[in-house]
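Worksheet: the structure to be examined is printed underneath.
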Amino acid sequence: MTAETIALVVFVITYIGIIFTRLPKVNIDRPSAAFIGAVAMMCLGIVDFSQAVGFIDFNTIFLLLGMMIVISALKADGLFNLVAQKTLAFAASRTKLLVSIVLISGIGSAFLVNDAVVLIFTPVIISICRRASLNPLPYLIAEILSSNVGSVMTITGNPQNMLIGLNSGISYSDFMLRLLPVSLVSMAITVVVIRLVYRKEFSDKTPLRYRDDTEPKKHGVSASAIIFLLLVAGFFFGKMLQLPICVIALAAAALIILFSKHKPTELLKEVDWVLLLFFASLFIVVGAVQQTGVLDKLFSVPIDKDFSGLLSIHGISLVMSQILSNVPYTVLMLPIMQSAADQTLWLALASASTLAGNATIIGAMANIIVIESSERFGVKIGFWEFFKSGIVVTILSFGVSLLCLWLLQ
């Protein structure tokens with residue numbers, strides 16, 4: 001067998017492992033499938049160790065690492081519990097509660113990585129609903145949808161945006177300026193769709209009354225919160241500082257470790273090291289097979305720099321995000337997009353791959369996190385229950401994305 005054939009076989013088997021999460025009678029999941037694929041590429045001589053390390057996009061790895069440390073400190077400081085208390089104070093009706101959840105999940109996901117936001121807020125939303133004797137399903141589905149559409153607006157919103165932002169060279173402010181309208185309009189669409197799908201729930205205008213089963217805690221301004229605000233400012237002024245955003249994120253993480261009241265080891269324990277391994281392994285697998293030239297033969301499809309190109313990216317993203325999930329799909333698309341070298345097409349990939357995650361429960365990692373977290377609290381979100389809201393929001397937000405990108409190119 002030639003090196004090209006061996007690389008292609010390893011690549012296909014790796015992505016089968018990613019697609020099906022757990023293969024029958026094989027002890028494997030998505031991160032381990034990628035890890036085994038990366039090791040196989042080295043052991044079978046497709047790439048040597050130094051080449052494999054060279055394929056890893058450390059800009060993305062370090063950006064994720066820095067953000068994870070910052071988020072772990074904010075969580076430990078009780079920031080998210082404070083947000084929950086403020087939500088309860090504001091949400092006097094079902095619609096206000098829905099709007100609050102959509103705004104908090106959407107805007108929070110833009111700056112704190114959507115996977116982390118939903119992991120933290122899902123138990124909070126379930127607690128709020130139980131204290132008010134509400135059906136949690138519409139609010140949890142709204143959380144998923146809004147966290148995905150909200151994360152579209154910034155490079156730090158989700159892992160695939162980080163990949164795209166760092167590989168495209170688009171600045172943080174330009175990225176946000178171009179995709180902010182897509183996020184905001186899509187959040188409004190989410191509110192409208194959830195209200196229509198669960199019209200019986202929201203037709204009840206009875207004021208909400210919450211059972212006070214916990215004592216409110218007083219929160220001061222923590223060092224972590226101040227550093228987080230400086231981090232966000234740093235993202236916008238990164239060019240002026242002449243620092244890449246991954247270094248800005250690492251600097252914020254270092255400052256938090258120095259000045260936070262929490263033990264560094266406790267903060268580092270909260271880092272999702274498995275996700276970082278998953279990313280590093282994916283980079284090696286895709287880099288190795290790309291080096292052989294196989295990807296160029298299989299995926300050498302030119303993307304036009306016009307409306308048809310935007311439409312193609314949205315269509316491919318809708319299908320492939322359901323098959324591969326949006327992060328592995330984006331890693332696969334990077335070599336193709338680099339040959340296109342067009343900012344609008346890069347932004348189309350960021351928008352489409354993220355919005356496509358709302359179509360089904362397997363479209364994005366954030367969806368899976370909410371569903372698994374909810375089940376631990378006795379709340380089950382079925383495929384069709386999610387689909388009837390998710391597919392409508394996806395189609396409408398795709399329309400908004402196409403229109404905005406076409407007008408702004």
Side-chain angles (χ1 to χ4, degrees), residues 3-4 6-19 21 28-68 113 115 155-170 244-247 249-250 271-299 317 320-321 323-341 346 349-350 353-354 364-365:
E4 290 183 1
I6 296 171
L8 181 59
V9 170
V10 173
F11 172 79
V12 170
I13 293 174
T14 300
Y15 267 76
I16 287 173
I18 291 169
I19 292 167
T21 306
I28 197 168
D29 54 17
R30 288 172 49 169
S32 59
F35 174 70
I36 293 169
V39 173
M41 289 291 190
M42 290 183 280
C43 291
L44 295 173
I46 307 302
V47 292
D48 58 32
F49 180 75
S50 60
Q51 288 174 316
V53 172
F55 288 137
I56 299 173
D57 186 346
F58 285 102
N59 288 326
T60 303
I61 299 293
F62 287 136
L63 177 56
L64 272 170
L65 175 61
M67 292 301 297
M68 287 174 182
V113 188
D115 293 352
I155 290 173
T156 53
N158 54 59
Q160 63 269 18
N161 277 15
M162 293 181 188
L163 287 166
I164 292 165
L166 294 170
N167 280 274
S168 66
I170 302 173
I245 61 172
C246 58
V247 175
L250 287 175
V271 172
D272 190 345
W273 299 105
V274 174
L275 179 63
L276 298 181
L277 176 65
F278 178 47
F279 265 76
S281 301
L282 269 181
F283 287 133
I284 294 172
V285 171
V286 173
V289 76
Q290 182 191 2
Q291 179 179 267
T292 65
V294 174
L295 284 185
D296 294 333
K297 295 176 183 177
L298 294 176
F299 299 102
S317 297
M320 296 302 290
S321 290
I323 298 173
L324 300 178
S325 190
N326 43 25
V327 171
Y329 160 66
T330 301
V331 174
L332 188 58
M333 285 291 289
L334 291 179
I336 301 169
M337 296 304 299
Q338 283 165 347
S339 64
W346 278 110
L349 179 61
S353 63
T354 303
M365 183 58 68

>> Is it true that, when you exclude Phe35 itself, more than 12 heavy atoms of the residues, nucleotides or ligands shown sit nearer than 6.0 Å to its CZ?
In response: no
> Nearest 0.5 Å, what's the CD1-CZ distance between Ile245 and Phe62?
Replying inline: 14.0 Å
>> Can you give me the closest heavy-atom contact between Pro159 and Val113, atom names plus distance?
In response: CD-CG1, 4.3 Å
>> For a 4.5 angstrom cut-off between non-hydrogen side-chain atoms, does Leu277 reach Pro31?
In response: no
> Taking all atoms of both residues into account, what is the closest heavy-atom pair of Ala38 and Val285, and its distance?
Replying inline: N-CG2, 3.4 Å
>> Checking the side chain of Gln51 only, and the main-chain atoms of Asp48 only, is there a donor and an acceptor separated by less than 3.5 Å?
In response: yes
> Distance from Leu166 atom CG to Phe58 atom CZ, nearest 0.5 Å?
Replying inline: 13.5 Å
>> Quick check: closest heavy atoms across Phe55 and Gly287, and the distance to 0.1 Å?
In response: CZ-O, 3.4 Å
>> As a test of understanding, state which of Leu349, Val286, Leu163 forms a side chain to side chain contact (heavy atoms under 4.5 Å, CB included) with Met333.
In response: Leu349
>> Set out, in order, the CA-CA distance, both residues' side-chain angles and the distance that settles side chain to side chain contact (heavy atoms under 4.5 Å, CB included) for Leu276 and Met68, then state yes or no.
In response: CA-CA 10 Å; Leu276 298 181; Met68 287 174 182; 4.2 Å; yes
>> Could you tell me if the side chain of Thr14 sits less than 4.5 Å from the side chain of Met41, heavy atoms only?
In response: no
> Between Leu64 and Met162, is a side chain to side chain contact (heavy atoms under 4.5 Å, CB included) present by the stated rule, with each step listed?
Replying inline: CA-CA 8 Å; Leu64 272 170; Met162 293 181 188; 3.6 Å; yes
> Atom CG of Asn161 and atom OG1 of Thr354: how far apart are they, to the nearest 0.5 Å?
Replying inline: 4.5 Å
>> Under a 3.5 Å distance rule, please check whether Asn326 uses its side chain to pair with a backbone N or O of Ser353 as donor and acceptor.
In response: yes
> If you take all heavy atoms of Ala249 and Leu63, which pair is closest and at what distance?
Replying inline: CB-CD1, 3.7 Å
> Passes side chain to side chain contact (heavy atoms under 4.5 Å, CB included), Asp115 versus Asn158? Steps please.
Replying inline: CA-CA 7 Å; Asp115 293 352; Asn158 54 59; 6.0 Å; no
>> With rounding to the nearest 0.5 angstrom, report the CH2 to CG distance, Trp273 to Leu275.
In response: 11.5 Å
> In Å and rounded to the nearest 0.5 Å, what is the CD1 to CD1 distance from Ile155 to Ile170?
Replying inline: 7.0 Å
> Got a second to check how far Ile61's CD1 is from Phe283's CZ, nearest 0.5 Å?
Replying inline: 5.5 Å
>> Which heavy atom of Ala3 sits nearest to which heavy atom of Thr292, and what is that distance?
In response: O-CG2, 4.3 Å
